[in-house]
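What follows is a short report on a single structure.
So that the names make sense, note that chain A is the first sequence line, chain B the second, and so on, each numbered from 1.
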Protein chains: 2
Amino acid sequence: METVTDTPWLSTEQQHIWRAFLGGTTVLTDRLDRDLRTAHGLSMPEYEILVRLSEAPDRAIRMAELADAVSHSRSRVTHTIARLEREGIVQRGNCSDDGRGVSAILTDHGFSVLEEAAHTHVRGVNDYLIENADPADLEALGRIMQQVVEQLQGKRF
Amino acid sequence: METVTDTPWLSTEQQHIWRAFLGGTTVLTDRLDRDLRTAHGLSMPEYEILVRLSEAPDRAIRMAELADAVSHSRSRVTHTIARLEREGIVQRGNCSDDGRGVSAILTDHGFSVLEEAAHTHVRGVNDYLIENADPADLEALGRIMQQVVEQLQGKRF
DNA sequence: TCTATCTTGTTGAATGATCAACTACATACT
DNA sequence: AGTATGTAGTTGATCATTCAACAAGATAGA
């Protein structure tokens, strides 16, 4: 007899979907990461950060806000920004309103690195994912992942 | 004028889908990984390996084959199996037919660890992903990711 | 004001992943 | 047989991520 605490095992079909998802995300992110690295010396998480900065007013975002935007820990963002700073791609600045605050700012050099990297990345997303998928299926993908984000975003436990 | 080498920039809608995908996979895998870690001391990549082993004849798979199955590098699998071996979850064995071959074998203890972890993992997949998605959308997800796997699988360059 | 508590961001150690170099066995060719 | 090339797996160094601990400023309440 079933109780509410029983584990709801996946159907065969659901297992196939889940494995395709796992395998697909792995090979896709690996490939996009590799393309960016070899052509521009940028990892995908780094690229994501630069994209956010490039879109922000003054190309600057506070560390905590940036961490939330890309769903990384604060510590991770600190380390990543430190690396990017060493390469002259971003710089740090203080916040006027909050004495604790630190902003990451995209430099001009960083912006041009990003502009070049964007070609590689967008071409990859297009070729590996979008090009081979039915547009209706892509919309379904968007709906599902949007739902996942809204459900889990920010919830650590 | 456009040429064949121009970068095909994404439409606004495609950008939304892509960002939802990135954010969704990040929070989903983070959450599933955290659940497994806190409850069973296993990472998700480790869990994936144990699942493959549990389904194989004699609960054993050769290192290279295992690496391919989970899309990890050989080196990574070597290190991961070394860790799992230290914990008594897998053990190594030689291949009868190939002098170079090494098999990873799931131990009885490893199997029972996996059995328990499976409850946590499957519940997570169900609650975070499957439960909140339209079944037709899930099928679309499966189609897309299957396509991605087939296109990129094994291609390093 | 004084205190307690929360938030921000950083630090350094420990863990895990990547990369290049290497050993050993297998396969193919002469 | 002998040689060359390919494949399996490991190793250790380097790099990135996580985690716990911390310092400093913000906020709220007595």
Worksheet item: Can you find an N or O donor on one side and an acceptor on the other, under 3.5 Å apart, linking the side chain of B:His79 with the base of C:dT15?
Response: no

Item to complete: Figure out the NE2/C1' separation between A:His72 and D:dT17, and round it to whole Å.
Response: 10 Å

Practice prompt. Go through the structure and list residues passing ring pair (Phe, Tyr, Trp, His ring centres under 6.0 Å) with A:His16, not counting sequence neighbours.
Written response: none

Discussion item. Please tell me if B:Arg83 has a side-chain N or O lying less than 4.0 Å from either OP1 or OP2 of C:dG16.
Written reply: yes

Worksheet entry | Protein-nucleotide distance (B:Arg37, atom CZ; D:dT17, atom P), rounded to Å | 14 Å

Worksheet item: Is any side-chain N of the basic residue among A:Asp30 and A:Arg34 closer than 4.0 Å to the acidic one's carboxylate O?
Response: no

Item to complete: Classify the side chain of A:Ser75 versus the base of D:dT17 as yes if they form a donor-acceptor pair under 3.5 Å and no if they do not.
Response: no

Worksheet item: What's the CG-P distance between B:Asn94 and C:dA24, to the nearest Å?
Response: 15 Å

Worksheet item: Taking DNA chain D as the partner, which of residues 96-107 of chain B come within under 4.0 angstrom of it by heavy atom?
Response: B:Arg100, B:Gly101, B:Val102

Worksheet item: Sequence neighbours excluded, which residues qualify as side chain to side chain contact (heavy atoms under 4.5 Å, CB included) partners of B:Val70?
Response: B:Glu48, B:Ile49, B:Arg52, B:His72

Worksheet item: Looking at DNA chain C, which of residues 41-68 of chain B put a heavy atom within less than 4.0 Å of it?
Response: none

Worksheet item: How close or far is atom P of C:dT10 from atom CG of A:Leu84, stated in whole angstroms?
Response: 13 Å

Fill in: By side-chain hydrogen bond (donor to acceptor under 3.5 Å, both in side chains) - contacts of B:Arg74 (at least two apart)
none

Discussion item. Without decimals, in angstroms, what is the distance between A:Asp30 CG and C:dT18 C1'?
Written reply: 11 Å

Discussion item. Going by side chain to side chain contact (heavy atoms under 4.5 Å, CB included), name the residues that satisfy it together with B:Ala133, two or more places apart in sequence or in a different chain.
Written reply: A:Ile144, B:Leu138

Considering only distance and modelled atom types, tabulate donor-acceptor pairs under 3.5 Å from the side chains of residues 85-96 of chain B, sequence neighbours left out.
residue, atom, partner, partner atom, Å
B:Glu85, OE1, B:Arg92, NE, 2.9
B:Glu85, OE2, B:Arg92, N, 3.4

Fill in: Integer-rounded Å distance: C:dG9 P and A:Ile81 CD1
11 Å

Item to complete: Could you tell me which residues satisfy salt bridge (Lys or Arg N to Asp or Glu O under 4.0 Å) with A:Asp98, sequence neighbours excluded, listed by chain and number?
Response: A:Arg62, A:Arg100

Response to the item:
When rounded to whole Å, the CZ to C1' distance for the pair A:Arg76 and C:dT10 reads 17 Å

Worksheet item: Taking side chain as C-beta onward, heavy atoms only, is B:Phe111 less than 4.5 Å from B:Leu50?
Response: no

Worksheet item: Quick one: is D:dT10 close enough that its OP1 or OP2 comes under 4.0 Å of any side-chain N or O from B:Arg74?
Response: no

Discussion item. I'd like to check the side chain to side chain contact (heavy atoms under 4.5 Å, CB included) partners of B:Ala104; sequence neighbours left out, ordered by chain and number.
Written reply: B:Leu53, B:Met63, B:Leu66, B:Ile81

